[in-house]
Structures are given as structure tokens and as C-alpha cells.
Number of protein chains: 2
Amino acid sequence: MSSDFALESIEVSSSPRERFVEYLQSKGKRVTPQRLQLVEHIFEGHDHFDADGLIDEVARLKGKRISRATIYRTLDELVDAGLLIAMSLRGRRVYEHDYGYPQHDHLHCKHCDKLIEFHSEELQNIREAVAREHGFRVTSHRLIITGVCTDCGRKQNRQQSPLDLV
Amino acid sequence: MSSDFALESIEVSSSPRERFVEYLQSKGKRVTPQRLQLVEHIFEGHDHFDADGLIDEVARLKGKRISRATIYRTLDELVDAGLLIAMSLRGRRVYEHDYGYPQHDHLHCKHCDKLIEFHSEELQNIREAVAREHGFRVTSHRLIITGVCTDCGRKQNRQQSPLDLV
DNA sequence: CTTTGTGCAAAGCGTTTGCACTATT
DNA sequence: AATAGTGCAAACGCTTTGCACAAAG
């Protein structure tokens, strides 16, 4: 409390890699090159991705080869560790960074599949009000607003999405 | 325009079966016993269901036997016809009545998988505001609030859900 | 009679798993 | 040395599809 670095203990800003290592150690799991390479790659910038895309990207990475199985297993661990959030979109799993990101929801363009983030304070209130009303203990929510983004709207939206499944 | 039944063309309240038949005919599709049996069964009361449950139920129905393939194909048609809405939950498709139901969203209990419906007027406003802000043309939205329902909460929530995927 | 729908079984797609081998602890 | 992780390929669960036969228009 009276440390020179008191503020640091509130504003811990460790890297995703560090957080993941901590998590692994706290669970008695091992720190492997594959796991490290994956956290680092995933947090090098791109935000929304699926396992398949990741497999492709990682395939042409310099380091150790990483198998499909390990990628799926590591993604689960990153979700457990609170570094990633998973959601289901068109029947496949999509991941996004959780660590260091403010709570948000998504606009989903059904033409180009793009995800646009937004934040709404009021949504939090709705969530609480509804939960209270139904005696429900909330752990999370997911709001996806589906439609057509500006770019695709301009393209006169020629084709219709075959299946309107959100 | 000057018909005796001008009002009827605004407030048509036909049954799901009638609507489906209209839809099929308008598309040049055929009205088959399987399709009719399915609409009727689906709109006989139960609200949220998946293809598998439907297959089981239909299996012990008196009428014509209906194959898995036909059930999947007909569900797609019912969605196209605007009678059902499909959503993805834990990686599987779940359907619910759209025809004759007011717009609503869901609380999803991750223990017992129950879906509870609720309606929020404010959510519509959020939706519009966000869309306007991003130049997005909205066609639909889906809000799922995940947590533990009253019943499961009482049972001291012993076990944790293995995968927190919404 | 033409054309679409059905049932079957096989294929597809994303994800998971069993197992022998490798590597971390 | 003991135990957990990896890669591989096979298995899985849900959904879709190709094809020959049946039936609606």
C-alpha cells in the first residue's frame, strides 16, 4: 500500500502473453512454444477471427508448426483465461480479444460478414432490469444487430443472403 | 383498390398452414403432405425447438413418415416464408415461431438450456440509434442474455458449464 | 406427362478425441 | 522420471446433398 509502485498494483498492464503464462502456471499447465506462439500471434493485432483462419495464418509462420488440434485446445484455454471471447456466428465459432477491450456488442453485415463493434451504456441497464424482473443471475450477454453495412449498401445489394441465420 | 374486402388485405389473419400454402404456391412449390404435417405440428404449441427434437416427435406421429432431409428442407422453407425464426445456440440451430408473435429477445439459462422470452422497447431505440450512427441498414437483431435461471440458481449451481460459448 | 419433392445413405464441415510420441516440469 | 502437451488421423454431431423413385401440378 505504501509502496513506491502502489498505483501499478491497480493498473496492472501485463501483456496477453504474461497473463496467459500466469494462467497456465496457476492451473499447473505447461508453458509450451505452441501456446506462446499462439497468444503472441493472436494479440498482434487482428481482432475477430475463427479457428480456420488462424490455422492458415499460423501455417505460414516462421516458428514451430502447430496442429489443428492444438489450436482448438489453446483457443479454449485462452477463453478460460479470459483473454478471448467466443461467439457463434452462422454456426461457426468466432473469437475476439477480451483482454484490454471494453465491453461491446456487434453489428454484423450479412453480405461481407464484417463485424463492427459498438458500445451502449443503456444496454447494461436493460440487461439488469430484465434479469431482475425474471430472477435471473446474468453472467454475460450478446447482442448482434444484423443488416447491411455502408459499403455493401452502396453496392446496391444485388444478391440476397441464402440463409438468414444469425 | 375499391374491393369490398379492402380492409382484409391489411389485416389478414390466416393460420400458419394457410400462410405456408400461399407461400409455396407463390413460389411455384408444391403442397405436399409432409410440408402440411410439419407446419401443423410445429404450430400446435411448442415454441422453441431444434431439428432433432422435431424429428423425434414427428417419428411418433400418426401421419406419413417424414425423413430427416425433408425436415431440414422444410424448416428452411418455413424460415423463408416468415413463419419461423432460426438462431444459433451452442453451435446448433434452434427455431421459434415468428408468425403471430411479438418481437422479443431471450434469457438463456446455461444450466438447463431453457429460453425465457422478454420484450424491451428501449432495445429498439438502441438498435436504431446504433445503426444510424454507423450508416447500417438493419434487418434484424438478436440479444441473448446468458446466466442462471431461478430454478437452477436454487439448486446451488453445483456444476459449471464446460464451455461458456453463447 | 413434366417437374418438383422425398427418402436414403453418403458426404461435408467445423470441432473433438484416442493414442503413441514428445517435451516440460 | 513423471506427467502433461502435441500431432495425427479417425470420430463426432449437425446439416446438406446426389440420386433414384414417388407424387403433385
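Given the structure is predicted, the values throughout are model-derived calculations rather than measurements. Lettering follows sequence order; numbering is per chain, from 1.
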A.B. asks: Students often get this wrong, so: under 4.0 angstrom with heavy atoms, is A:R65 touching a base, only sugar-phosphate, or nothing?
C.D. replies: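 Sugar-phosphate, no base atom in range.
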
A.B. asks: Kindly point out which of C:dT15, D:dA9, D:dT16 is positioned nearest to the side chain of A:Y72?
C.D. replies: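 The closest nucleotide is C:dT15.
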
A.B. asks: Looking at D:dA4, C:dT16, D:dG25, which one has an atom nearest to any side-chain atom of B:V31?
C.D. replies: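 Closest nucleotide to the B:V31 side chain: D:dG25.
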
A.B. asks: Could you give the CZ-to-P distance, from B:R73 to D:dT16, as a whole number of Å?
C.D. replies: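 Taking atom P of D:dT16 as the reference, CZ of B:R73 is at 11 Å.
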
A.B. asks: What nucleotide, of C:dG14, D:dC8, C:dA23, holds the atom closest to the side chain of A:R92?
C.D. replies: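 Of the options given, the side chain of A:R92 lies nearest C:dG14.
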
A.B. asks: Using whole Å, what does the distance between atom P of nucleotide C:dT15 and atom CE of A:M87 come to?
C.D. replies: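 To the nearest whole Å, that distance equals 13 Å.
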
A.B. asks: In whole angstrom, give the distance that lies between atom CZ of A:R90 and atom C1' of C:dC13.
C.D. replies: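 Result: 15 Å.
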
A.B. asks: For A:T70 and for B:Q25, locate the closest nucleotide of DNA chain D by heavy-atom distance; then report the residue assigned to the nucleotide nearer the 5' terminus.
C.D. replies: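 First, find each residue's nearest nucleotide; the 5'-ward one identifies A:T70.
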
A.B. asks: Taking the ring centre of each residue, are B:F43 and B:H97 less than 6.0 Å apart?
C.D. replies: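 Yes, close enough.
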
A.B. asks: Does any part of the side chain of A:S14, heavy atoms only, come nearer than 4.5 Å to the side chain of A:Y99, both counted from C-beta?
C.D. replies: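 When only atoms from C-beta onward are counted, A:S14 and A:Y99 do touch, with a gap below 4.5 Å.
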
A.B. asks: Taking atom types as modelled and ignoring hydrogens, do the side chains of B:D105 and B:H141 form a donor-acceptor contact shorter than 3.5 angstrom?
C.D. replies: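 Looking only at side-chain atoms, B:H141 and B:D105 do form a donor-acceptor pair, the distance falling under 3.5 Å.
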
A.B. asks: For A:R68 and D:dA11, what is the distance between atoms CZ and C1' respectively, to the nearest whole Å?
C.D. replies: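 Going from A:R68 (CZ) to D:dA11 (C1'), I get 14 Å.
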
A.B. asks: Between C:dG14, D:dA2, C:dC8, which one does the side chain of B:S67 approach most closely?
C.D. replies: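 Selected nucleotide (nearest to the side chain): C:dC8.
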
A.B. asks: Atom CG of A:L36 to atom P of D:dG5: distance rounded to whole Å?
C.D. replies: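 Distance, rounded to whole Å: 13 Å.
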
A.B. asks: Please state how far atom CD1 in B:I71 lies from atom P in D:dT16, giving the value in whole angstrom units.
C.D. replies: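 About 13 Å, once rounded to whole Å.
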
A.B. asks: Closest nucleotide of DNA chain D for A:G28 versus for B:T32: which of these residues is on the 5' side?
C.D. replies: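 It is A:G28, whose closest nucleotide lies nearer the 5' terminus.
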
A.B. asks: Are A:S88 and B:S88 linked by a side-chain donor-acceptor pair shorter than 3.5 Å?
C.D. replies: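 Checked: A:S88/B:S88 side chains pair up, N/O donor to acceptor below 3.5 Å.
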
A.B. asks: Rounded to whole Å, please give me the gap between CZ in A:F20 and C1' in D:dG5.
C.D. replies: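 In whole Å, D:dG5 C1' and A:F20 CZ are 12 Å from each other.
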
A.B. asks: Can you tell me the distance, in whole Å, between the CZ atom of B:R30 and the P atom of C:dT6?
C.D. replies: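 Atom-to-atom, B:R30 to C:dT6, this comes out as 10 Å.
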
A.B. asks: To the side chain of A:R93, which of C:dT15, D:dA24, D:dG7 is closest?
C.D. replies: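 Nearest nucleotide to the side chain: C:dT15.
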
A.B. asks: Relative to each other, are the rings of B:H104 and B:H106 parallel, tilted or perpendicular (30° and 60° limits)?
C.D. replies: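 Perpendicular, since the angle between the ring planes exceeds 60°.
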
